[in-house]
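First the structure, in the form of structure tokens, and then the observations on it.
Just so it is clear: chains get the letters A, B, ... in the order the sequence lines come, proteins before strands, and each one is counted from 1. Keep in mind the model is a prediction, meaning the values are calculated, not measured.
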Amino acid sequence: MKKVLLQLDPDGQPSVFDAVTAIDGGAEVILRHSGVAVDDVEGLIFGAIFTRGPEDLHNSAVFIGGSSVVTGEALFEAVKKVFFGPLRVAVMFDANGCNTTAAAAAAKIAQSLDGLSGRKVTVLSGTGPVGLRGAGLLALEGASVCLTSRCADRAADAASKLQERFGVEVEPMTVSTAEETARALKDAEAVLAAGASGVTLLPESLWKGLPGLRVLADVNAVPPLGIEGVKSHWDGREIEGKILFGALGIGGLKMKVHKGVVARLFRSNDAIFDAEEIYAVAKEHLGL
Amino acid sequence: MKKVLLQLDPDGQPSVFDAVTAIDGGAEVILRHSGVAVDDVEGLIFGAIFTRGPEDLHNSAVFIGGSSVVTGEALFEAVKKVFFGPLRVAVMFDANGCNTTAAAAAAKIAQSLDGLSGRKVTVLSGTGPVGLRGAGLLALEGASVCLTSRCADRAADAASKLQERFGVEVEPMTVSTAEETARALKDAEAVLAAGASGVTLLPESLWKGLPGLRVLADVNAVPPLGIEGVKSHWDGREIEGKILFGALGIGGLKMKVHKGVVARLFRSNDAIFDAEEIYAVAKEHLGL
Amino acid sequence: MKKVLLQLDPDGQPSVFDAVTAIDGGAEVILRHSGVAVDDVEGLIFGAIFTRGPEDLHNSAVFIGGSSVVTGEALFEAVKKVFFGPLRVAVMFDANGCNTTAAAAAAKIAQSLDGLSGRKVTVLSGTGPVGLRGAGLLALEGASVCLTSRCADRAADAASKLQERFGVEVEPMTVSTAEETARALKDAEAVLAAGASGVTLLPESLWKGLPGLRVLADVNAVPPLGIEGVKSHWDGREIEGKILFGALGIGGLKMKVHKGVVARLFRSNDAIFDAEEIYAVAKEHLGL
């Protein structure tokens, strides 16, 4: 019985990235759907759960991707609501790569710091999908997380979402100048730059002057990068005693995690792979 | 040479149900097309018949599905018109599962009655796609079929369609009360409830009081079921000497028939699988 | 690692012809995209080049097809612009079969004349995609090409495009009567009829009266054919000392070339298969 992955994508063209990665992760057939709206979900999922017996449903699975995390989350919720009793299949949620990117970045930081418990980690511009998930995963591991935004409301809103979604407390901080950035980084042992493409969040002179800061990770691949002086392909480069990760360096692990999760989708018919479960796979890849 | 199935679906999202079933039936590649209109058919079918030599065309086939039987029938007719000479491929028509469901239900009834010749079978609310096909198949097997509708015009129209499509005579009857239902069931040895989801057509007290009624089959899976007191998973359950089938019970055979027909699509390049041919596969599955 | 072909098609329904041929050419997974616009290209190609390492990218490739050559050419240019450094995949361009048809026709003519250098070949109604490419390929092989059109402006424009695209000089000629056709064929050893479907360009009495004309090829498969008296299935039929090719005769080689090029897409990650490269494959098939 072939491993069938149902790719649900709200975009006009279904993601090629998600399809190739799924194939390389072990999916044998991909049923690709673009322009998927919440109203389409029931019929599509019925087609997944009513075609094979419960004992065979681990050979069918769902991947929810596309470029919009908000729309993807609505599809994800709709998918889970259709399942009942043993009539369910495994699901991976990774719209815009948010979960695999956040999980890979958090795992790189955890590995470099040799554990996160009690350590302060600052997530710069952490109100987007990757920043939020990264902050949540780091906090779940026991880190004391400070999350910044240029806007006080958005920082507070992010902290509130993290409380609700991950049950963690993070410190929201408004940051728009280098001085404020320095304050957010006080006592931090690691920093994750999770801002928009092409915006520098952390000047090189600033991070080089912080002796306690040991790990820097940047998920922005489009120059100028979020952390000045980092190269996107760095994957643990040591500079002045600090360990640095660029977006492509993190991306190598992200790809392995993505493929590893796809492989795991076909081991049971009831697994849900959201941020935490995908992070667990990232840690496993690093031997953590 | 890979077995390629062209899935033509008029719906906005192509059916996942049809795709997974096709894969499990042995199709190696599925070319899925949604939003298919009659005007699209020629170009799509040209792509099927002009790409492989006539001696290899049994490795290409067409499946016409989707939720609308009327639209699917128009595509089916258009597909058959494109073929010429040896340039043709096998085709299966099963929009909304109408043929596989009707075939499975009729075969279950035929098996339970140990032959249909000369026996009366009543098809309740038989004017829809499944009811019409079920009535036609039962009549072709020699049953004396009574087909009911709440509306006299629709019952007469259904009888006329069955004369035209299957060359059979069925007795149309207008039924809206329990008394009229009882009259339609007079002397019937089997009943097939083919009405809309969630409408009870046959009260339990009525069928339990008919000693000559031996087999009851209901294709409605959404409670309340068409036959009161039946459970949808029943697949030949005996109750007071009667044999009962619910929608999921019939559905098990329906799935096997669907997969079996897909497998047969790749045995020749000129087979057409409409109601009769799909019913033949259903009978074969039951050893009839 | 599976061989993945990304099919980019601007039409509403993606070509079945291109998909089946790709499968038969060795593509193991086809990611089909319809309604593709230039703005979609970057995201789709990113998905192709960022999912596998440079050493594995020969397992991913792009096919650009569909019914509009002009739109396809725009997509082709857009695709090539996305590549950078080693992050690229092989690409085949064959919108409306223009390259494989022109290559097969030119190769048949080259083989039949035993070389093209210094020989005159007339391309009748050569301003369309197949005629232009055929004229360019024949001229590149050293033929002296005369290209006709009913409209002087279009003939001149075609000659100018051929200069720009292939760096060759062809002689444009305005032809609307049999007398003008005879003049265009003066001293020609071969003729390629590349006009619209159902338009006769060359009367039988005319070509039979030209002793120097040795090879006639017609790419129009819809009667009446472009060359009167030719049958579309002729694949080198000799009539009165002349060698004749109809559209289906040429089509046999065209299909082999199409499949052969698909197979070659997966040998490197930097090959571009446009008219010249596809013609090279056609010659190889004929042992030229």
With a 4.5 angstrom heavy-atom cut-off, could you sort out which part of Arg32(B) is near chain C: side chain, backbone, both or neither? backbone
Interface residue of largest heavy-atom contact number with chain C, from Val29(B), Leu44(B), Leu6(B), Asp56(B), under 4.5 Å: Leu44(B)
Quick one: pull up [atom1] in [X] and [atom2] in [Y] and give me the separation to the nearest 0.5 Å.
X: Leu8(B); Y: Gln13(C); atom1: CG; atom2: CD; answer: 8.0 Å
X: Asn59(B); Y: Asp24(C); atom1: CG; atom2: CG; answer: 8.5 Å
X: Thr51(B); Y: Asp18(C); atom1: OG1; atom2: CG; answer: 10.0 Å
X: Thr21(C); Y: Phe50(B); atom1: OG1; atom2: CZ; answer: 12.5 Å
X: Glu28(C); Y: Lys2(B); atom1: CD; atom2: NZ; answer: 5.5 Å

Lys80(B), NZ: over 12 other non-hydrogen atoms inside 6.0 angstrom: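 Result for NZ/Lys80(B): enclosed.
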Take atom CD of Glu164(B) as the centre, draw a 6.0 Å sphere, and report whether it contains more than 12 heavy atoms from other residues, nucleotides or ligands.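 Result for CD/Glu164(B): open.
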Sort out for me which of Asp11(C), Val20(C), Ile30(C) touches chain B most, counting heavy-atom pairs under 4.5 Å.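 With the most close heavy-atom pairs to chain B, the winner is Val20(C).
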